[in-house]
Amino acid sequence: MKINILAFGIAKDIFGGPSVSVELGNDANVSNLKYALEKEYPKLKQLASYMIAVNNEYALPGDGIHSNDEIAIIPPVSGG
Amino acid sequence: MKINILAFGIAKDIFGGPSVSVELGNDANVSNLKYALEKEYPKLKQLASYMIAVNNEYALPGDGIHSNDEIAIIPPVSGG
Amino acid sequence: MQTQIKISNQPLDIQTCIDWVMSPESGGIDVFIGTVRNTTKGKAVLRLEFETYEKMAVTEMDKIAAQAGEKWPVQKLIVHHRTGILKVGEAAVVIAVSAVHRAAAFEACRYMIDTLKQTVPIWKKEVFEDGGVWVAAHP
Amino acid sequence: MQTQIKISNQPLDIQTCIDWVMSPESGGIDVFIGTVRNTTKGKAVLRLEFETYEKMAVTEMDKIAAQAGEKWPVQKLIVHHRTGILKVGEAAVVIAVSAVHRAAAFEACRYMIDTLKQTVPIWKKEVFEDGGVWVAAHP
């Protein structure tokens, strides 16, 4: 399945735009997504950390990803 | 010497006015003053506590009192 | 550290206090506002009356502000305290503290109000329908 | 507890936030204001740029406000966070909390800003003369 990932902050700079698409297996989880993203964009590994959000909630590595989910990459936050 | 004592809050109610005079020996200290005041106004002993200020500073029991000092009785404070 | 301490019988202006502590060097401002509550231990409060030994109150507030400035890297600190008769909802005290980092602002502001309530010669009478009580006077 | 969470690209109005949390039941209000500092590690900051994942940011702020309400007896809690381009001295965030007693207001307000800075998807870029840096992005 093709997954669209929203990007913010430095992730937007790394991706060169506000979203990217990756191709994942149909039973993919967050961990698989991070692996695929880091392969394509190795600079992600230089970040202090980053999280994946699924449908506006922080997701754990084992959480599944479905083609209609809203997926976002959350680099280290710095609001306030 | 005759000492004038400023009163605030509940002390003003106990004294029935914003100040009282007491007669003290010339080498009197804060402790002597409290004793004299409590003799005249026993209700002071019902307060949770009270302090004496000499020239706008909290005074200790052994601190001396002089006829030209500004003396005040400070019942429990409750500002803020 | 810059400090401004004021006692006034006029309504306090919160925004003025905040504007005074704001500075391009600060990253965080903490503000405490003490307001008149409508009940105490379940009894309806009609109004508060604040009385102060003004000269000594200013001296004491100057002292605790200086202590706060020694304990935390504060940039600006302001305390405006009201006296006289206050209605429910009105501000009795405004304390605002600015600092480079927020921890200092929070901690200095908390220190100011906690210490003010213990040492500054200001007295509050809560007036109920059946009379007035000087707060904290009796055990 | 009543809560108001807002993200806006317009200048924040501090007084409006304070007025919103004031109530006749409260005795204490604590307010935190995060402002744009003119230097970071000795380098002059020209401006800040805030970006947010707005839907999720509001969800996260609702969550931490609810947590604050469980931890402390808070009456009203408001968070207004700015986005877009901010000049030095401008307010990036205003958090105001009212409670019957001041300890709850202070602690809930501190919890809100500390947790917001850890979990809410908002990103700040500090812009210097020689370019911009996303704060906290790199170790």
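Here is how names work: the chains are called A, B, and so on, in the same order as the sequence lines, proteins then strands, and each is numbered from 1. Side chains included, hydrogens not; waters and symmetry mates left out as well; all remaining heavy atoms used. Here the structure is a predicted model, which is why all the values come from computation and not from measurement.
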- Note on the structure: Within residues 68-100 of chain D, the residues sitting under 4.5 Å from chain C by heavy atom, in sequence order, are D:V88, D:G89, D:V100

- Item | Spacing of CZ belonging to D:R37 relative to OG belonging to C:S23, to within rounding of 0.5 Å | 10.5 Å

- Message: Assess the residue pair D:D114 and C:R102 against the criterion (side chain to side chain contact (heavy atoms under 4.5 Å, CB included)); give the C-alpha distance rounded to whole Å, side-chain angles, the decisive distance to 0.1 Å, and a yes or no.
- Response: CA-CA 9 Å; D:D114 287 353; C:R102 71 184 182 284; 2.8 Å; yes

- Task: Working to the nearest 0.5 Å, report the span between CD of C:E25 and CG of D:N38.
- Result: 5.0 Å

- Message: Can you confirm whether D:K63 is buried at NZ, in the sense that more than 12 heavy atoms of other residues, nucleotides or ligands lie under 6.0 Å from that atom?
- Response: yes

- To the nearest 0.5 Å, what is the distance between CG (C:D30) and CD1 (D:I113)? 10.5 Å

- Does D:T35 offer a backbone N or O that forms a donor-acceptor pair with the side chain of C:S26 under 3.5 Å? no

- Query: Do D:F106 and C:F32 make the cut of ring centroids closer than 6.0 angstrom?
  - Reply: yes

- Item | Nearest non-hydrogen partners of D:V31 and C:I33, listed with the distance | CG2-CD1, 4.1 Å

- Message: Quick check on C:A103 against chain D: is it the side chain, the backbone, both or neither that has a heavy atom closer than 4.5 Å?
- Response: both

